Amino acid sequence: MQNILDMNLDQLKAWMVQNGEKAFRAKQIFDWIYNGVFEFSEMNNIPKNLLSTLEKSFRLGLPRTVAKLQSKDDDTYKFLFAYEDGNLIESVVMKYKHGNTICVSTQVGCRMGCKFCASTIEGMIRNLTSGEILAQILKAQNEVGERISNVVLMGSGEPLDNYDNVIKFIRCINMKNGLNIGMRHITLSTCGIVPKINELAKEDFQITLAVSLHAPNDFLRKQVMPIANKYSIKELLGACKEYIEKTNRRVTFEYALVKDFNDSSQLAEELSGALHGLLCHVNLIPVNEIKENELKKSSLENISKFRNILIKNGIETTIRREMGSDINAACGQLRRSYLKS
Ligand code: SAH
């Protein structure tokens, strides 16, 4: 049976018309769903016979909450969700003064193979559909009891490796009549699949593109990111430049600082040179240490030195606040501990 969450408003309207119903019923049903009502039987402005047709035609495929962890300071929630086929993914909700942000997963596992990342260790199992990604938001809003206003596609998976579903998802959450999450409140993070960045630029979305760079040169980047063997940094930055020209949006570069690997002053200078003149922002992330590899976090001293060099060179730079590290909030670690047990 089809998951109704995989339909967009136009598709559901068309379905209504095909089934001899009024198109506006589609909007009414979406209103219920987007306001957290997940049982057709509770949609009390819908005629009974339509409800029973809906029940026979669709399922409302939400994941089951397997674990809900809350950080000590209550500002981070981590969810382990199980889809109907038993596959597990993680979502994280972070509470900020300016609103709640959710980090959603786009695939079960990942096939990009980045060395520091726990989501990719067992490869990719499958893509998530647009409705399954949407369901993470609906379910998390229900669990937290508050509206989510910002979305980052930074959970497990490579969003641009699941392009069509991800684009459909973004259009869906942006819909005025639905969750109404502004394009500028959406960030898509990619390891850098160049042709897909070019395609994304053509969508003319106003979303923030975040690119996982992690090294200023190909030699170093290849050591931790297999995608670097396919596309050079030159090609990647070229695609970013095009994205900026098309959208006028500032691109974010993510750079996870690993002790004695990519955190020297010399590399900070090299990075400054590579990014010179680009409308961008660098987000430095103290690497999250995982059991499966030997990579260690840079010292606080090196992190701030690195930042200061970038800033001195005119590159806007922030250090990512570490939230929820007491609840394994980063990078697929919770799922892994469940898969093992
Ligand atoms: N596949 C996408 C999005 C998911 S990863 C991408 O590569 O961007 C989200 C971000 O977390 C990426 O910048 C990724 O490089 C980073 N990341 C993964 N594992 C990490 C770790 N152990 N410590 C710090 N950052 C990590």
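Whatever order the structure lists ligands and atoms in, that order sets their numbers, starting from 1. Since the model is a prediction, treat every value here as computed from it, not as a measurement.
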### Task
Specify side chain, backbone, both or neither for Thr190, according to which of its non-hydrogen atoms lie closer than 4.0 Å to ligand 1.
backbone
### Task
Run down the list His214, Met225, Glu254 and name the one with the heavy atom closest to atom 14 (C) of ligand 1.
His214
### Query
Side chain, backbone, both or neither: which part of Glu158 has a heavy atom under 4.0 Å from ligand 1?
both
### Query
Under a heavy-atom criterion of less than 4.0 Å, does Gly155 contact ligand 1?
yes
### Task
Identify whether the distance between the nearest side-chain nitrogen and carboxylate oxygen of Glu294 and Lys115 falls below 4.0 Å.
yes
### Query
Salt bridge check: are Glu158 and Lys196 linked by an N-O gap of less than 4.0 Å?
no
### Message
More than 12 heavy atoms of other residues, nucleotides or ligands under 6.0 Å from CD of Glu245: yes or no?
### Response
yes
### Polar atom proximity, Met154 to ligand 1 (N or O, under 3.5 Å)
no
### Query
If you measure from the Lys or Arg side-chain nitrogens to the Asp or Glu carboxylate oxygens, is any gap between Lys202 and Glu199 under 4.0 Å?
no
### Query
Is the gap between the ring centers of Phe306 and Tyr255 under 6.0 Å?
yes
### Query
Just going by heavy-atom distances, which of Leu153, Thr120, Val258, Asn288 is nearest to atom 24 (C) of ligand 1?
Asn288
### Query
With a 4.0 Å heavy-atom cut-off (strictly under), which part of Glu289 contacts ligand 1: side chain, backbone, both or neither?
neither
### Task
Output the list of atoms in ligand 1 that are nearer than 4.0 Å to some heavy atom of Cys117, sorted by atom number.
18 (C), 19 (N)
### Query
Has ligand 1 got any nitrogen or oxygen that is less than 3.5 angstrom from a nitrogen or oxygen of Ala256?
no
### Task
Check each atom of ligand 1 against the heavy atoms of Val287 and keep those under 4.0 Å away; list them by number with element.
21 (C), 23 (N), 24 (C)
### Message
Between Lys259 and Asp263 (salt bridge meaning N to carboxylate O under 4.0 Å), is one present in this structure?
### Response
no
### Message
Looking only at the side chains, is there a donor atom on one of Thr129 and Asp6 sitting less than 3.5 Å from an acceptor on the other?
### Response
yes
### Message
Could you check whether Asn8 and Asp10, counting side-chain N and O atoms only, form a donor-acceptor pair closer than 3.5 Å?
### Response
no
### Query
So is Gly157 close enough to ligand 1, meaning a heavy atom under 4.0 angstrom away?
yes
### Message
Could you tell me, atom by atom, which parts of ligand 1 come under 4.0 Å of a heavy atom of Cys191?
### Response
6 (C), 7 (O), 8 (O)
